[in-house]
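Mind having a look at this structure? Questions to follow.
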Number of protein chains: 2
Amino acid sequence: MTDGATAKGEQTRELILSTALRLFREQGYGKTTMRAIANEAGVSVGNAYYYYGSKDHLMQAYYDLLQDQHREAVEPVLAAEKSFVPRLTGVLHAWLEVSAPYHEFAGTFFKTAADPRSPLSPFSEESRPARDASVAVFRRVVDGSDLKLPADLRSELPELLWLLQMGIVLFWVHDRSENVRRTRTLIDRAVPLADRLLRLTRIPGVRGVVNDIVGLIRSVKA
Amino acid sequence: MTDGATAKGEQTRELILSTALRLFREQGYGKTTMRAIANEAGVSVGNAYYYYGSKDHLMQAYYDLLQDQHREAVEPVLAAEKSFVPRLTGVLHAWLEVSAPYHEFAGTFFKTAADPRSPLSPFSEESRPARDASVAVFRRVVDGSDLKLPADLRSELPELLWLLQMGIVLFWVHDRSENVRRTRTLIDRAVPLADRLLRLTRIPGVRGVVNDIVGLIRSVKA
DNA sequence: GTCTATAGCACGATAGAC
DNA sequence: GTCTATCGTGCTATAGAC
């Protein structure tokens, strides 16, 4: 019976979430009211708040959903490609694809995520599991590739690539071009550049500066 | 009579603004309500909205004030220093100093600024004058220094430095160390590194990649 | 444990009278 | 140019049904 009750609750939880996401998508975050979500889902406002402590919590759930979808979408890319550039390009494009339906209201999401006090901040302690999972994807990008790099840079690279993705997301939320063409172009051009930049570390003079940069990042993370 | 009325209106406008800024400083943006501002200023809420279309508009005014203060604080640095590293370091530290009183609730500000639809976004069209003014400061940093660079990179550098500052601000709002020690360390270590990185462009193999990066940034800005 | 119904607070923002 | 009155919002609280 506990299972039945839990299953029912889980059903309601999902109903509320999917309704909220649909309304967010259709009319944006700001214009979607908790009253409207509850009404559209056929539940009471109190019930919506029973499952999601605030409107932001619904956003948090959306964030988690996105990441799950990204991890799935990335599998065929990592299975098929063995070179660094197509692997990274594919992973970044996969993110664009799963996020596409929410591009219009992603700005609002970004707004909440940028608050350092918010648990939704990608740098927050609460986001650590999600962040680690995301970094793990980039570690797979690096480890499964043909990239030849000094060990310390190689171990730091997944987090640097995560930062790169944060930058691309920042660009993406501001991108108003049709089908986010400009963001796609950015990825297609930036990834080969990053690749060339990494290969430059073979030059001794460059190597020293890169080592210092890695050292700075390490010390700053602590 | 028209002058009298206008003068009175201007007085009210300034009264509302200064009250709002004081309350923002004292208790943060989120906890300062329009009712409290109006009440403290001795006017009605409707009157506050007559002069400032929204709470964000009051924030915009606060933002402008900060930037004016930074431009002033930067003068002695640019007058005294002639080398790139101390010039840039001084300008960045000056920003930390004028911003220090607002560090505690800067997160709230950041939250609003990160919304791409908000006029407060540093990338928005409405922020262009403020952004241009800020880039101009970095142009003075570059132009008044001993830095030797290829012309195209040199002309692009002020905007790159502005981006660097955005990154430092991002770090700063998340910095919980006493007296933002970690942000200060970041500046002191990152600036000499940036200097060394820039000087690497003399190496031919590096030069090509840097040219491509500059080209990418140019194409992406358009 | 799950859910409804409803009343109510404080907020940002607006309308219309003066 | 200023006020009062009011709206719709996010969110909380409570009392109770099943």
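Chain letters run A, B, ... following the sequence lines, proteins first and then strands; every chain starts at 1.
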Margin query: Could you tell me how far apart A:Y50 (OH) and C:dT2 (P) are, to the nearest whole angstrom?
Written below: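 Nearest whole value for this atom pair: 4 Å.
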
Original post:
So, is B:N47 near the phosphate of D:dC3, with a side-chain N or O under 4.0 Å from OP1 or OP2?
Top reply: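 Result: yes.
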
Can you measure B:H57 atom NE2 to C:dT14 atom P for me and round it to whole angstrom units?
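From B:H57 NE2 to C:dT14 P: 10 Å.
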
Q: Just call it for B:S44: base, sugar-phosphate, or nothing, with non-hydrogen atoms closer than 4.0 Å on any strand.
A: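 Base, at least one base atom sits under 4.0 Å.
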
Look at the side chain of B:Y51 and decide which nucleotide, out of C:dT2, D:dT2, D:dT9, has an atom nearest to it.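 So the side chain of B:Y51 is nearest to D:dT2.
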
Q. So what does A:G42 touch, heavy atoms closer than 4.0 Å: a base, only the sugar-phosphate, or nothing?
A.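 The residue A:G42 makes sugar-phosphate contact but no base contact.
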
Tell me, with the steps shown, if B:K31 and B:E26 meet salt bridge (Lys or Arg N to Asp or Glu O under 4.0 Å). CA-CA 10 Å; B:K31 288 188 177 175; B:E26 286 172 7; over 6 Å; no

Of all the choices, D:dT9, C:dA13, D:dT2, which nucleotide is nearest to the side chain of B:K8 once you look at every atom?
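Of the options given, the side chain of B:K8 lies nearest D:dT2.
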
Examine the base of D:dG10 for any acceptor or donor lying under 3.5 Å from a partner atom in the side chain of A:R35, and report the outcome as yes or no.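 Result: at least one qualifying N/O pair found.
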
Hey, is the side chain of B:K55 poking within less than 4.0 Å of OP1 or OP2 on C:dG12, counting only N and O atoms?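 So the side chain of B:K55 is within the cut-off, an N or O lying under 4.0 Å from OP1 or OP2 of C:dG12.
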
Quiz item: To the nearest angstrom, how far is A:N39 atom CG from C:dA5 atom P?
Solution: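 Rounded to whole Å, this separation is 11 Å.
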
Inset, instruction - Would you kindly check if the NZ (Lys) or CZ (Arg) of B:R87 is within the cone defined by 45 degrees around the ring axis of B:F138 and under 6.0 Å from the six-membered ring centre? - result: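 Output no; distance or angle outside limits.
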
May I ask you to test the B:F171-B:R182 pair for a side-chain heavy-atom distance under 4.5 Å?
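B:F171 vs B:R182: side chains touch.
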
> Taking CZ from B:R13 and P from D:dT2, how many angstroms apart are they, rounded to a whole number?
Replying inline: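 The distance from CZ of B:R13 to P of D:dT2 comes to 11 Å, rounded to the nearest Å.
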
Exercise. Reckon A:Y49 has a side-chain N or O less than 4.0 Å from the OP1 or OP2 of D:dC11?
Worked result: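 Yes, A:Y49 has a side-chain N/O under 4.0 Å of OP1/OP2 on D:dC11.
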
- Side chains of B:V180 and B:R184 in contact at under 4.5 Å (non-hydrogen atoms):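 B:V180 vs B:R184: side chains touch.
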
Between C:dC11 atom P and B:Y29 atom OH, what is the distance in whole Å?
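Those two atoms, OH and P, are 14 Å apart.
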
Practice prompt. Please state how far atom CD1 in B:I37 lies from atom C1' in C:dG12, giving the value in whole angstrom units.
Written response: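 Whole-Å distance recorded here is 11 Å.
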
Assuming nearest nucleotide by heavy-atom distance, tell me which of B:T32 and A:V45 is located more 5' along DNA chain C.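 Whichever sits nearer the 5' end wins; that is A:V45.
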
Problem - Protein-nucleotide distance (B:I16, atom CD1; C:dG12, atom P), rounded to Å - result: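 B:I16 atom CD1 is separated from C:dG12 atom P by 15 Å.
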
### Task
Using atom OH of B:Y52 as one end and atom P of D:dG1 as the other, report the distance to the nearest whole Å.
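In whole Å, D:dG1 P and B:Y52 OH are 13 Å from each other.
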
So, does B:T12 get its side chain near the phosphate of D:dT2, meaning an N or O under 4.0 Å from OP1 or OP2?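 For D:dT2, OP1/OP2 do have a side-chain N/O of B:T12 under 4.0 Å.
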
Query raised in the report: With a 4.0 Å cut-off, would you call A:E75 and A:R140 a salt bridge?
Result: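 Counted as a salt bridge, because a side-chain N and a carboxylate O are separated by less than 4.0 Å.
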
### Task
Quick one: label B:V43 by what it contacts on the DNA or RNA (base, sugar-phosphate, nothing), any heavy atom closer than 4.0 Å.
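Result for B:V43 = sugar-phosphate.
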
